[in-house]
Amino acid sequence: MREEQEELTMSKRIEAFYRQSGGPGNPTIRRLLDRHLLYGKDHGIPGKREEFEDAFREVFLQDHSTRSLILGFFKLKSALKQEWDAYLDALRGRGTREEEEDMAGKRA
């Protein structure tokens with residue numbers, strides 16, 4: 001019953017939004033939606049667009065049974081990114097040295 005009320009309420013809210021904005025084909029709708037997602041009271045910190053990752057993080061970090069697991073995943077993600085960046089830096093450095101050696105060989 002409650003879901004039906006929420007769905008009906010959401011449906012009415014969407015219809016009202018379209019009436020106010022001039023209909024589904026109105027090009028200003030994207031701007032209005034972006035503004036709502038940035039500053040709407042129901043969308044997190046004002047001025048910051050809430051992403052799926054933010055909502056996911058908030059839910060699992062609030063739960064004491066999943067907090068340590070999620071923090072471990074974040075640390076793993078950070079470590080993998082650092083290793084990947086170091087690997088790419090090493091490749092770039094090696095590629096530059098090889099190019100310099102090739103250029104020196106062509107001059108000789």
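- Note on Leu76 and Leu71: separate hydrophobic clusters, where clusters join Ile, Leu, Val, Met, Phe, Trp and Tyr whose side-chain heavy atoms are under 4.5 Å apart, directly or indirectly.
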Leu88 and Trp84: CA distance, side-chain angles, deciding distance, side chain to side chain contact (heavy atoms under 4.5 Å, CB included) verdict: CA-CA 6 Å; Leu88 291 177; Trp84 182 252; 3.2 Å; yes

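- We find the CD1-NZ distance between Ile70 and Lys75 to be 13.0 Å, quoted to the nearest 0.5 Å.
- Residues satisfying the side-chain contact (heavy atoms from CB on, under 4.5 Å) criterion with Asp63, sequence neighbours excluded, are Ser65, Thr66.
- Annotation for Arg67 and Gln62: closest pair NH2-O, 3.6 Å, computed over non-hydrogen atoms.
- In terms of the side-chain contact (heavy atoms from CB on, under 4.5 Å) criterion, residue partners of Arg57 (sequence neighbours excluded) are, by chain and number, Glu53, Asp54, Leu61, Phe74.
- Atom NZ of Lys77 sits about 10.5 Å away from atom CG of Leu80, to the nearest 0.5 Å.
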